[in-house]
Amino acid sequence: MMEFEMRTCVIEADRENGCRTLLRLHRALEFVTKFLQVLTTDSNESLRDPVRHSYRDTLAVHHSWLVRQTVGAALHTLPSRSTLLRNIEGTGDLSCLVYFTRTVHDTVHSLFKQHHLLDLQ
């Protein structure tokens with residue numbers, strides 16, 4: 001897809017192309033991976049700080065001031081850690097999920113880097 005869109009100039013002609021969409025998903029996966037990693041090491045019941053730090057280190061750099069403020073307000077609606085874990089994995093270990101999300105993220109990242117597409121806007 002990357003090679004096709006670069007070869008056919010779709011990237012320059014159409015702002016809603018496959019590469020940009022995949023890059024947005026790639027960035028979201030980076031956030032999820034970082035957040036899950038924090039969940040495996042932090043036992044604090046509140047998710048506000050882990051989500052805030054994960055967001056700040058990943059997605060915030062790509063968002064406008066208004067979106068960042070909205071995310072900050074949304075942090076007050078997060079469930080507790082135990083509620084989230086019960087809903088996504090029961091009592092099991094998240095380390096396997098972190099491993100797989102990181103593997104997918106790193107693979108896609110290397111493709112974007114190889115094609116010099118990490119800075120698409």
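Index from 1, following the sequence.
Note on ring orientation: taking the six-membered ring where Trp is involved, the planes of Tyr55 and Phe31 are perpendicular (angle over 60°, cut-offs 30° and 60°).
The two atoms that bring Met2 and Leu22 nearest to each other are CE-CD2, 4.1 Å, heavy atoms only. For the residue pair Ser95 and Thr40, the shortest heavy atom distance occurs at N-CG2, 4.1 Å. For the pair Leu47 and Pro50, the tightest heavy-atom approach, listed with the atom from each and the gap, is O-CD, 3.2 Å. Among all heavy-atom pairs drawn from Leu59 and Ala28, the shortest one is CD2-N, 3.9 Å.
Follow the hydrophobic side-chain contacts under 4.5 Å out from Leu84 and you reach Val51 in the same cluster. If you chain together hydrophobic residues whose side chains sit under 4.5 Å apart, Tyr99 and Leu36 never meet in one group. Residues Leu39 and Leu75 are members of one and the same hydrophobic cluster, defined by side-chain heavy-atom contacts under 4.5 angstrom among Ile, Leu, Val, Met, Phe, Trp and Tyr. No path of Ile, Leu, Val, Met, Phe, Trp and Tyr side chains, each step under 4.5 Å between heavy atoms, connects Val32 with Leu23, placing them in separate hydrophobic clusters. Residue Leu118 is not grouped with residue Val10 when hydrophobic side chains (ILVMFWY) are merged at heavy-atom distances under 4.5 angstrom, including chains of intermediate members.
The residues Arg24 and Glu16 are annotated as salt-bridged, a charged nitrogen and a carboxylate oxygen being separated by less than 4.0 angstrom.
Within the model, atoms CD of Gln37 and OG1 of Thr101 stand 8.5 Å from one another, a figure rounded to the nearest 0.5 Å. One finds the CE atom of Met6 at 8.5 Å from the CD atom of Glu12 (value rounded to the nearest 0.5 Å). Here CD1 of Ile11 is found 4.5 Å from CG of Leu117. Values are rounded to the nearest 0.5 Å. The NE2 atom of His109 sits 5.5 Å away from the NE2 atom of His26 when rounded to the nearest 0.5 Å. Arg48 contributes atom CZ, which lies 7.5 Å from atom CG of Leu78 (distance to the nearest 0.5 angstrom). Taking OG1 of Thr58 as the reference point, atom NE2 of His63 lies at 8.5 Å (rounded to 0.5 Å).
Under the side chain to side chain contact (heavy atoms under 4.5 Å, CB included) criterion, Asp106 pairs with Arg102, sequence neighbours left out.
Thr21 has its side chain out of reach of Asn17: every pair of non-hydrogen atoms, C-beta onward, lies at least 4.5 Å apart. The closest side-chain heavy-atom distance from Arg81 to Leu85 is below 4.5 Å.
For the pair Glu30 (side chain) and His105 (backbone), a donor-acceptor distance under 3.5 Å is absent. In this structure, the side chain of Asp42 does not engage the main chain of Val38 through any donor-acceptor pair within 3.5 Å. With hydrogens and angles disregarded, a donor-acceptor distance shorter than 3.5 Å links the side chain of Thr8 to the backbone of Phe4. Judged by distance alone, with hydrogens and angles left aside, the side-chain atoms of His115 form a donor-acceptor pair with the main-chain N or O of Leu111 at under 3.5 Å.
For Glu45 and Ser80, the side-chain atoms include at least one donor-acceptor pair closer than 3.5 Å.
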Val104/Phe100 under side chain to side chain contact (heavy atoms under 4.5 Å, CB included): CA gap, chis, key distance, verdict: CA-CA 6 Å; Val104 171; Phe100 287 116; 5.6 Å; no

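For His53 and Phe35, the distance between ring centers is not under 6.0 angstrom.
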